[in-house]
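Structure first, commentary second.
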Amino acid sequence: MSLIEASDISKSYPDFELKNVDLEVKEGEIVGVLGPNGTGKSTLMQILTGQIDRDSGSLEVLGLDPQKDSKELRKKIGVLPEREDPPSFLTGREYLDFVSDIREESMDWDFPEKLNLDEHLLDQQTRKLSKGERQKLMVVQAFFHEPELVFIDEPLINLDPLIQERVKEVFKEHRENGGSMVLSTHLVSLAEEMCDRVVFLRDGEVIEEVTEPENLKEQFIDAEE
């Protein structure tokens, strides 16, 4: 079963163009979107999640058009944007309660403990948390409601190695439970470890798709030549 069906997705800016991108994501798989910074990964993720409109192309995510049904879609998916912090004036607990209300889903308060977010940290205003602690909070809000589909953009920013491993365990557990994920990253090693399939983006275009990413470093070098 396909959760995402994207065909010929394009988006133009004065200094950049995402051109004719095709992408399919099936139930129970992690699909990586790999490429250097500035190649269109975040633009594609924003289109898939209904944050910005595409200029052309057909797109269905969980049977919905993100451009027309963005409010309904955002209740059903999880999203971890690149470099986005929770509101600084809220505590971590207030922020998660706020997200729970929007999604109309109850909060599993055992989930933050997987990433060492204890009650003391959750009761701090987020502006008092470290960058890594804020990133952990953003990971929690993307996964706590057990969405069928999660979009992750550069997830390991500001995290120490131990927490990076715990975050990757959250990803693996999500897949083992039948969930799917789109993982956008410039880290070849992360895509190699986590993904079932990988598409390479360069200058706004898909230049290659790899279905067996075990030796991704060599394949990525070949694709860039």
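Just so you know, these numbers use all the heavy atoms, side chains as well, and skip hydrogens, waters and symmetry mates. The residues of the chain are indexed from 1 along the displayed sequence.
Here the shortest heavy-atom pairing between Ala142 and Pro147 reads O-CG, 3.5 Å. Between Ser2 and Glu5, the shortest heavy-atom contact is CB-OE2, 3.5 Å. Scanning all heavy atoms of the two residues, the minimum distance from Asn20 to Ser10 falls at N-OG, 3.0 Å. Across all their heavy atoms, Ser70 and Pro66 have their closest contact at CB-O, 3.2 Å. Closest of all the heavy-atom pairs between Arg134 and Arg127 is NH1-O, 4.2 Å.
Enclosure of atom NZ in Lys172 by more than 12 non-hydrogen atoms of other residues, nucleotides or ligands within 6.0 angstrom is indicated. A 6.0 Å sphere centred on CD of Glu146 holds no more than 12 heavy atoms belonging to other residues, nucleotides or ligands. No more than 12 heavy atoms of other residues, nucleotides or ligands lie within 6.0 Å of CZ in Phe98, so this atom counts as exposed by the packing criterion.
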Please step through side-chain contact (heavy atoms from CB on, under 4.5 Å) for the pair Leu80 and Phe151, ending with a clear verdict.
CA-CA 6 Å; Leu80 176 62; Phe151 296 85; over 6 Å; no
Begin with the C-alpha distance, continue with both residues' side-chain angles, and end with the deciding distance and a verdict on side chain to side chain donor-acceptor pair (under 3.5 Å) for Glu105 and Ser100.
CA-CA 5 Å; Glu105 295 280 354; Ser100 299; over 6 Å; no
Report the C-alpha separation of Leu3 and Lys26 in whole Å, then their side-chain angles, then the decisive distance to 0.1 Å, and conclude whether the side-chain contact (heavy atoms from CB on, under 4.5 Å) test is met.
CA-CA 5 Å; Leu3 304 185; Lys26 297 179 180 178; over 6 Å; no
In sequence, state the C-alpha distance, the side-chain angles, and the governing distance for Leu159 and Val167, and then conclude on side-chain contact (heavy atoms from CB on, under 4.5 Å).
CA-CA 9 Å; Leu159 298 179; Val167 167; 3.7 Å; yes
For the pair Val61 and Leu59, evaluate side-chain contact (heavy atoms from CB on, under 4.5 Å) and give the outcome as yes or no after the intermediate values.
CA-CA 7 Å; Val61 179; Leu59 175 60; 3.9 Å; yes
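Rounded to the nearest 0.5 angstrom, Leu190 CG and Cys195 SG are separated by 6.5 Å. Rounding to the nearest 0.5 angstrom, the gap separating the CZ atom in Arg166 from the NZ atom in Lys136 is 8.0 Å. Atom NZ of residue Lys11 and atom CG of residue Leu18 lie 10.0 Å apart, to the nearest 0.5 angstrom.
When side chains are defined from C-beta on, Leu96 counts as touching Leu137, because their heavy atoms get closer than 4.5 Å. Side chains of Gln124 and His120 form a contact here, defined as non-hydrogen atoms less than 4.5 Å apart. Side-chain contact check for Pro86 versus Met138: some heavy-atom pair is nearer than 4.5 Å. Looking at heavy atoms from C-beta onward, Met194 lies in side-chain contact with Lys168 at the 4.5 angstrom threshold. Side-chain contact between Phe200 and Val206 is absent, with no heavy-atom pair separated by less than 4.5 Å. You'll find the side chain of Phe144 reaches within 4.5 Å of the side chain of Met107, heavy atoms only. Counting heavy atoms from C-beta outward, Met181 and Phe171 have side chains that approach closer than 4.5 Å. Taking the side chain as every heavy atom from C-beta outward, Gln125 and Leu90 never approach each other to under 4.5 Å.
At a threshold of 4.5 Å between side-chain heavy atoms, the hydrophobic network of Ile, Leu, Val, Met, Phe, Trp and Tyr places Ile152 and Leu149 in two separate groups. Clustering ILVMFWY residues whenever any of their side-chain heavy atoms sit less than 4.5 angstrom apart, transitively, puts Ile207 in the very cluster that holds Val188. Phe89 is connected to Leu129 through a chain of hydrophobic side-chain contacts under 4.5 Å among Ile, Leu, Val, Met, Phe, Trp and Tyr, so both are in one cluster. Clustering ILVMFWY residues whenever any of their side-chain heavy atoms sit less than 4.5 angstrom apart, transitively, puts Val210 in a cluster other than the one holding Ile30. Leu73 is not connected to Ile102 by any chain of hydrophobic side-chain contacts under 4.5 Å among Ile, Leu, Val, Met, Phe, Trp and Tyr, and they are in different clusters.
Under 3.5 Å, the side chains of Thr91 and Asp123 contain no donor-acceptor pair of N or O atoms.
Between the side chain of Asp55 and the main chain of Ser12, a donor-acceptor pair closer than 3.5 Å is present. Using modelled atom types, one side-chain atom of Thr39 and one backbone atom of Asp203 make a donor-acceptor pair closer than 3.5 Å. Without hydrogens or angle criteria, Gln135 side chain to Pro155 main chain gives a donor-acceptor distance under 3.5 Å. One N or O on the side chain of Thr185 and one on the backbone of Leu187 form a donor-acceptor pair closer than 3.5 Å. At distances below 3.5 Å, at least one donor-acceptor pair connects side-chain atoms of Lys41 with backbone N or O atoms of Pro36. Remark: side-chain polar atoms of Thr126 are paired, donor with acceptor, to backbone N or O of Pro87 under 3.5 angstrom. Checking side-chain atoms of His145 against main-chain N and O of Ser106 turns up no donor-acceptor pair under 3.5 Å. For Glu133 (side chain) and Ser130 (main-chain N/O), a donor-acceptor pair under 3.5 Å exists by modelled atom type. At least one donor-acceptor pair under 3.5 Å links the side chain of Asp160 to the backbone N or O of Ile163.
Under the 30°/60° scheme for interplanar angles, the aromatic rings of Phe111 and Phe143 are found to lie parallel.
The residues Glu29 and Arg175 are annotated as not salt-bridged, no charged nitrogen and carboxylate oxygen being separated by less than 4.0 angstrom.
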Anything under 3.5 Å between a donor and an acceptor, one on a side chain of residues 45-54, the other on a protein residue two or more places apart or in another chain? List them.
unit_1 : atom_1 : unit_2 : atom_2 : d
Thr49  : OG1    : Met45  : O      : 2.8
Thr49  : OG1    : Gln46  : O      : 3.4
Thr49  : OG1    : Gln51  : NE2    : 2.7
Arg54  : NE     : Gly57  : O      : 2.8
Arg54  : NH1    : Asp65  : OD1    : 3.1
Arg54  : NH1    : Gln67  : OE1    : 3.3
Arg54  : NH2    : Asp65  : OD1    : 3.4
Arg54  : NH2    : Asp65  : OD2    : 3.1

